Amino acid sequence: MHRRFETTTTRQQRTLDGTWEFTTEPPNTDSMPEAFPADADTVPVPCAWNALPEYYDHHGPAWYRRTFSLPESESVRIRFLAVSHEATVYLDGEERVEHSGGYTPFEFVAEDLAAGEHELVVRAENGRSETTIPLPETDWFDYGGITREVVLETVPDVFVEGFDLRYDLGVSESGGGSEEDGGETARIRADVHVANLDDDAERTVAVTVGETTARETVTVPAGGETYGLEFDVPSVERWTLEEPTLHDVHVALEVDGEVVDDQRDRIGFRELAVDGRDILLNGDPVDLRGVNRHEDHPEWGPAQPLRIMREDLARIREAGMNCIRGSHYPNHPRFLDLCDEAGVLVIEEIPYWHFDAEDFAREDLLERGVTTLEEMISRDRHHPSVFAWSLTNECANEQEGVAEATERLAETARDADDSRLVTLASYNEWVDRGEDRCLEHCDFACVNGYYGWYTDERVSADQWTGFLERVKADHEMPVVVSEFGAGAVEGERTWERGKWSETYQTEFFETVLPVLLGDDELAGFTIWQFCDTRTSRDPMGRPKSKNNKGIVGEYRRPKAAYGTVKQLLSGSEPDTDADT
Ligand code: ADA
């Protein structure tokens, strides 16, 4: 199951997890290999090949192959949740789809496939260049491979391709807000995209949210159509951090009252806004206390099993956190399902990392980013945990070209989804790059700072108090300190409390967190980072080729700082010799 719930009740759906044939030969060819090398290796899917010792450092193209059988002739939809990061897919030797970007899904439909065995071949490429997003130089590793599930499902000629639910709360026939049972009415607008591989066909489109169903009988033209249904759902409970209520959503096509195709999802009803320095969740200021989380683990790379996702979220909550920044790309939808269920807020970001005006102007790098942004929003619009779309991280925001690109991205995000907040992570103040001309396109500011780490002097409260004053003076909006932290090699504890020691990392948080927690005007923060992660950046500059700023190690063992953060967030005085 690629989500935390079944996404259909009618289709035969399976994931193509398991063992696939794999080869890195023939190198650098774009055309489909005539015959897959007989001596091809086999690898697990989903998994990044760089998480396997034998391909630890493979950069470039690689080929996957597997077959699947159909008991009878069927039309099938094959969806790749993520292939990192350039992909070309062949079915029975014929190219069917290409995709750029390692963190968003893509799919194709194969009509009327004959009964019997069929061959899927995937060319994946993790080599980065001046024309990829992200660019070569990032501080996380450019894993390659089929890193998330491949879902194969049979579809009838007329099927639900997808749907977008939008809603307004507090509106009702009687115009009153809440009802006597404390619930309130949600006014739903459902856009249902119906595909039709055959001739015009009559269907009843039925959208159910909770206990309420709206129906419309339509004639679906060949090729398909999108239908908009509007209806009120009474007595909905809001999604809050304390009560993360989720409502089932079922979109079906019916013939004579019988469901012939369907898709399922979940939604949570909540409202987001900004007011002065506050980020409002359901009208109340929310105090963000969180962490950045890369999808990485030495055993699986970015292809993490559910157990790791659950464990990470449990440790994050145990530390007293209510927010996660998915740095710097859309995390697995199942992880977002877990955040929906746990009442944890998520900032989702697209991997524009350290781009300048020249980069944004190169080839179609902006267009592709716009596509990735739209794919991310389309994939995740129903997750109540996701409260903000983050457009970029530490780009050259003082440059005109970057400001224009940012404006375009902000428009794209708001056009695609006007129910969430828009932000980006700036480091212009911290690295003194001059005036940030991009945050004005956002609803709130995320700012990164590394005083006390990338500065010669040790950490001090004054550094941070000054930083906050300057940022707040420059930006009349809610401010979130989206990155701050210090590296610590696991087990390195020194009396001198030198940099790279767990002891210094603890001192860092003992110094900085009280400043951030004590600033009532601050909307919140997200610590850099949850766990140590493999990096591409100058491996010689990073001990163990890792970004060691995790408050837990790569194997999720707690560092001393985890205990310190947990205590500071719980409001009790840190007890320095406590571990966790
Ligand atoms: C930056 C960047 C992160 C990471 C961090 C660090 O702020 O956004 O991806 O590289 O610095 O550890 O230096």
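Nothing fancy with the numbering, it's 1 onward along the sequence. Being a predicted model, the structure only gives us computed values, none of them experimental.
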Would you say the side-chain atoms of Arg497 pair up with the backbone N or O of Glu507, donor to acceptor, closer than 3.5 Å?
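Answer holds: no.
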Side-chain donor or acceptor of Ser378 paired with backbone N/O of Glu374 under 3.5 Å:
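A pair under 3.5 Å: no.
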Aromatic contact, [X] with [Y] (centres under 6.0 Å):
{"X": "Phe360", "Y": "Tyr352", "value": "yes"}
{"X": "Phe141", "Y": "His59", "value": "yes"}
{"X": "Tyr103", "Y": "His328", "value": "no"}
{"X": "Phe525", "Y": "Phe484", "value": "yes"}
{"X": "His297", "Y": "Tyr555", "value": "yes"}
{"X": "Trp140", "Y": "Tyr329", "value": "yes"}
{"X": "Phe22", "Y": "Tyr55", "value": "yes"}
{"X": "His332", "Y": "His2", "value": "no"}
{"X": "Trp528", "Y": "His294", "value": "yes"}

Give a yes/no verdict on a cation-pi contact between Arg534 and Tyr56, requiring under 6.0 Å between NZ or CZ and the six-membered ring centre and an angle within 45° of the axis.
yes
Over 60° means perpendicular and under 30° means parallel, so tell me whether Phe444 and Phe387 are parallel, tilted or perpendicular.
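Phe444 vs Phe387 ring planes: parallel.
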Report the relative orientation of the aromatic rings in Phe467 and Tyr451; use parallel for angles under 30°, tilted for 30 to 60°, perpendicular for over 60°.
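Plane angle between 30° and 60°, so tilted.
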Hey, is [atom1] on [X] packed in by over 12 heavy atoms from elsewhere, all under 6.0 Å?
{"X": "Arg315", "atom1": "CZ", "result": "no"}
{"X": "Arg277", "atom1": "CZ", "result": "yes"}
{"X": "Arg310", "atom1": "CZ", "result": "no"}
{"X": "Glu130", "atom1": "CD", "result": "yes"}

Can you list the steps and then say if Asn428 with Asp474 is a side chain to side chain donor-acceptor pair (under 3.5 Å)?
CA-CA 11 Å; Asn428 275 49; Asp474 291 348; over 6 Å; no
Going by salt bridge (Lys or Arg N to Asp or Glu O under 4.0 Å), Glu348 matches just one of Arg379, Arg325, Arg420. Which one?
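Among the candidates, only Arg379 passes.
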When Arg437 is tested against each of Glu400, Glu404, Glu407 for salt bridge (Lys or Arg N to Asp or Glu O under 4.0 Å), which residue passes?
Glu400
Test side chain to side chain donor-acceptor pair (under 3.5 Å) on Asn126 and Ser84 and set out the steps.
CA-CA 6 Å; Asn126 70 337; Ser84 191; over 6 Å; no
Which heavy atom of Asn292 sits nearest to which heavy atom of Thr526, and what is that distance?
ND2-O, 3.2 Å
Only counting residues at least two apart or in another chain, list the ones meeting ring pair (Phe, Tyr, Trp, His ring centres under 6.0 Å) with Trp453.
Trp500
Heavy-atom distance under 4.5 Å between the side chains of Pro285 and Ile279, does that happen here?
no
Asp340 bridged to Arg270 by N-O distance under 4.0 Å:
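The answer is no: the pair does not qualify as a salt bridge.
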Matching residue for Arg368 among Thr371, Asp364, Thr372 - test: side chain to side chain donor-acceptor pair (under 3.5 Å):
Asp364
